[in-house]
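Handing you a structure now.
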Amino acid sequence: DVDGVAPEVDAVTGPAAATYTESAVLNISVDFDERLEVDETLGSPTLDVEIGSDNIEFLLTNVNVSSGILRFSYTVADGDLDTDGITVGAINLNGSVISDEAGNAAVLTLNNVFADNNVLIDAAKPVITSVGAPNNVYTSPSGALSFQIFFDEVVTITGTPQLTIDVGGDIITLDYT
């Protein structure tokens with residue numbers, strides 16, 4: 001028997017639907033319909049994934065030759081942001097060869113891709129967009145001044161944040177209440 005049939009992708013599975021933050025590891029598995037051989041002599045395959053407007057190369061981290069599964073991984077980095085879901089692109093060979101035991105080159109079309117639009121990324125730090133300060137208010141030394149700080153997203157406050165202001169050359173630190 002001569003095997004002239006190329007291995008094909010049965011399914012692409014990925015992280016559960018959730019919002020992932022900095023340092024989270026995202027794993028995507030590409031399941032082929034037969035045993036594989038991966039020759040990385042001249043390079044390693046990667047998987048293109050769009051996170052926000054950036055094309056990220058997920059690195060090959062595991063090859064299960066007997067079951068025909070390639071696992072690609074990426075660690076979410078500071079500043080990564082995707083509010084409408086990642087998009088799985090294509091496998092790049094980068095000089096590698098993916099084939100079956102008979103030497104038939106794998107068909108790299110990704111079939112049955114998981115619902116990647118439900119995988120959200122938020123590793124962007126909140127940014128202060130404005131500070132609301134009191135207008136021309138005179139107060140006694142024991143009086144209160146009220147400031148509002150606005151961010152580009154909802155924030156959770158923990159501890160006791162402080163705001164440092166300059167009042168006539170005197171530096172004053174205000175506690176959040």
Side-chain angles (χ1 to χ4, degrees), residues 9-32 36 38-65 67-96 98 106 108-133 145-166 171-177:
V9 175
D10 270 342
V12 180
T13 57
T19 299
Y20 295 87
T21 58
E22 185 177 356
S23 300
V25 177
L26 304 178
N27 294 308
I28 297 177
S29 294
V30 179
D31 304 345
F32 284 83
L36 289 177
V38 180
D39 181 350
E40 296 181 79
T41 305
L42 298 177
S44 294
T46 57
L47 179 66
D48 283 341
V49 177
E50 185 178 295
I51 295 179
S53 59
D54 296 326
N55 187 50
I56 305 293
E57 287 190 331
F58 279 44
L59 302 178
L60 180 67
T61 54
N62 186 273
V63 178
N64 187 328
V65 188
S67 61
I69 298 174
L70 305 179
R71 185 174 65 212
F72 297 89
S73 301
Y74 173 72
T75 302
V76 175
D78 179 28
D80 286 347
L81 181 66
D82 196 321
T83 58
D84 62 356
I86 66 173
T87 303
V88 176
I91 295 175
N92 295 311
L93 291 175
N94 300 317
S96 67
I98 301 173
L108 301 179
T109 303
L110 300 178
N111 301 308
N112 302 312
V113 177
F114 67 100
D116 53 9
N117 62 321
N118 294 319
V119 177
L120 308 177
I121 309 295
D122 187 358
K125 305 255 187 296
V127 175
I128 294 174
T129 56
S130 66
V131 177
L145 292 175
S146 179
F147 293 83
Q148 290 181 313
I149 300 175
F150 298 92
F151 293 88
D152 65 343
E153 64 181 273
V154 175
V155 296
T156 302
I157 297 176
T158 59
T160 306
Q162 296 180 322
L163 176 65
T164 303
I165 61 171
D166 182 337
I171 303 301
I172 299 173
T173 301
L174 307 173
D175 289 334
Y176 171 80
T177 56

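These numbers come from a predicted model, not from an experiment.
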Set of salt bridge (Lys or Arg N to Asp or Glu O under 4.0 Å) partners for E22, sequence neighbours left out =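 With sequence neighbours excluded, E22 shows a salt bridge (Lys or Arg N to Asp or Glu O under 4.0 Å) to K125, given in chain and number order.
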Under the side chain to side chain contact (heavy atoms under 4.5 Å, CB included) rule, collect the residues that match up with F151, sequence neighbours excluded.
->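 Here the qualifying residues are P126, I128, I149, V155.
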Between D82 and Y20: side-chain donor-acceptor atoms closer than 3.5 Å =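 D82 vs Y20: no donor-acceptor pair found between side chains.
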Salt bridge (charged side-chain N to carboxylate O under 4.0 Å, His left out) contacts touching residues 38-52 (sequence neighbours left out) =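 Sorted result for residues 38-52: empty, none.
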Do side-chain atoms of T61 reach the backbone of R71 as a donor and acceptor pair under 3.5 angstrom?
->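 Looks like yes, one N/O pair under 3.5 Å.
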Taking side chain as C-beta onward, heavy atoms only, is D31 less than 4.5 Å from V12?
->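 Counting from C-beta outward, D31 and V12 never come under 4.5 Å.
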Side-chain (S29) to main-chain (T13) donor-acceptor, under 3.5 angstrom =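 No, because the side chain of S29 does not come within donor-acceptor range (under 3.5 Å) of the backbone of T13.
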Has the side chain of D152 got a donor or acceptor atom that lies under 3.5 Å from a matching backbone atom of V127?
->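 Pair found, side chain donor or acceptor close to backbone of V127.
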Not counting sequence neighbours, which residues clear side chain to side chain donor-acceptor pair (under 3.5 Å) with D122? List them please.
->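 Listed in chain order: nothing, the list is empty.
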Listed partners of E153 passing side chain to side chain donor-acceptor pair (under 3.5 Å), at least two apart =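 Partners of E153 under the side chain to side chain donor-acceptor pair (under 3.5 Å) test: none.
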Taking the six-membered ring for Trp and the single ring otherwise, decide whether the centroids of F58 and F72 are under 6.0 Å apart.
->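 No, too far apart.
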Counterpart residues, salt bridge (Lys or Arg N to Asp or Glu O under 4.0 Å), relative to D166 (two or more places apart) |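 Not a single residue meets the salt bridge (Lys or Arg N to Asp or Glu O under 4.0 Å) criterion with D166.
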